[in-house]
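Accompanying notes for the structure given below.
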Amino acid sequence: ARNKVVEMDEPTSIPEHQKQTGRPFGAPNLYLDAGFYETDQEVKAANGLIVVDGIARNTLGQVRKGDLKYVDWNKDGKIDDLDRVSYGNYSLVPEITGSISLGASFKGFDFSLLFQGVTHALITYGGESLQPFVSQYTSPMSAQTYIRGRWTEETKDKATYPALTVIPGHYNYGGVY
């Protein structure tokens, strides 16, 4: 069922695009990405070493080639917590869930089939879901999928995941986007 936060006592210091009032209950604020950092010039600009039009300084951590390039939503020239926005009209709780079960029995043999589904919900990938070697039981994707889709100089035109990192604290290391 569709829901909406009608009124919530929120601090006045929170930007309008991050407030919960008027949004579905549980709707997260996320960073929107605009691809990957691909050139040395983009990386230098994001790290605050040079100024390049259209490249905001990233305050979330040291940037390198293949990292996600987040959108400077509030246009203040830097990527920070104030650039997280509500994404669509969905929350992490599905609006619609459904299932159908079929079964038959004949001369001592049973057969059953179950279909389940949800829709109108957001799925965010972060933490262990982006660290396929952390736990084989909690990661929704295989390490092979993550490694084959990662950004490299050779795969930058078709990459689906950021460059690999093992640096704790790096914003590609289990970030939410």
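Only a predicted model underlies this, so the values are computations on that prediction, with no experimental measurement involved.
- A distance of 6.0 Å separates CH2 in W73 from CG in L32, rounded to the nearest 0.5 Å.
- One distance of note links CZ of F36 with CG of D67; it measures 9.5 Å at 0.5 Å rounding.
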Just list the side-chain donor-acceptor pairs under 3.5 Å for residues 6-19, sequence neighbours left out, or say none.
{"residue": "E10", "atom": "OE1", "partner": "Q20", "partner atom": "N", "Å": "2.7"}
{"residue": "E10", "atom": "OE2", "partner": "Q20", "partner atom": "N", "Å": "3.3"}
{"residue": "E10", "atom": "OE2", "partner": "T21", "partner atom": "N", "Å": "3.1"}
{"residue": "E10", "atom": "OE2", "partner": "T21", "partner atom": "OG1", "Å": "2.7"}
{"residue": "E16", "atom": "OE2", "partner": "K19", "partner atom": "NZ", "Å": "3.2"}
{"residue": "H17", "atom": "NE2", "partner": "L82", "partner atom": "O", "Å": "2.9"}
{"residue": "Q18", "atom": "NE2", "partner": "D81", "partner atom": "O", "Å": "2.8"}
{"residue": "Q18", "atom": "NE2", "partner": "R84", "partner atom": "O", "Å": "2.9"}

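- At a threshold of 4.5 Å between side-chain heavy atoms, the hydrophobic network of Ile, Leu, Val, Met, Phe, Trp and Tyr places V93 and V118 in two separate groups.
- A heavy-atom distance below 4.5 Å is not found between the side chains of Y31 and L68.
- By the rule that hydrophobic residues join a cluster once side-chain heavy atoms approach within less than 4.5 Å of another member, Y90 and V5 end up as members of separate clusters.
- Counting only residues at least two apart or on different chains, the side chain to side chain donor-acceptor pair (under 3.5 Å) pairs with a member in residues 109-121 are E95-H120, S105-D110.
- Considering only residues two or more places apart in sequence or on other chains, V52 meets the side-chain contact (heavy atoms from CB on, under 4.5 Å) condition with Q41, A45, I50, I55.
- With sequence neighbours left out, K156 forms a salt bridge (Lys or Arg N to Asp or Glu O under 4.0 Å) with E153.
- Here F111 sits in one hydrophobic cluster together with I100, L102, L113, F115; the rule is ILVMFWY side chains under 4.5 Å apart, joined directly or through other members.
- The salt bridge (Lys or Arg N to Asp or Glu O under 4.0 Å) check on R150 picks up nothing, with sequence neighbours excluded.
- One distance of note links CG of D83 with CG of N29; it measures 11.5 Å at 0.5 Å rounding.
- Every residue meeting the side-chain contact (heavy atoms from CB on, under 4.5 Å) condition with K78, not counting sequence neighbours, appears here in chain and number order: R57, T59, D76, D80.
- Considering only residues two or more places apart in sequence or on other chains, D40 meets the salt bridge (Lys or Arg N to Asp or Glu O under 4.0 Å) condition with K65.
- Atoms OH and OG1, on Y37 and T39 in that order, are 10.5 Å from each other to the nearest 0.5 Å.
- Shown here are the side-chain contact (heavy atoms from CB on, under 4.5 Å) partners of T155, two or more places apart in sequence or in another chain: T152, K158, A159.
- With sequence neighbours excluded, the residues that form a side-chain contact (heavy atoms from CB on, under 4.5 Å) with L49 are K44, N47.
- A distance of 11.0 Å separates CD1 of I79 from CG of D33, quoted to the nearest 0.5 Å.
- With sequence neighbours excluded, no residue satisfies salt bridge (Lys or Arg N to Asp or Glu O under 4.0 Å) with K4.
- Here S86 pairs with R23 under the side chain to side chain donor-acceptor pair (under 3.5 Å) rule; sequence neighbours left out.
- Looking at every heavy atom in both residues, P28 comes nearest to S91 through CD-CA, 4.4 Å.
- Within the 3.5 Å criterion, the main-chain N or O of P24 finds no donor-acceptor partner in the side chain of N3.
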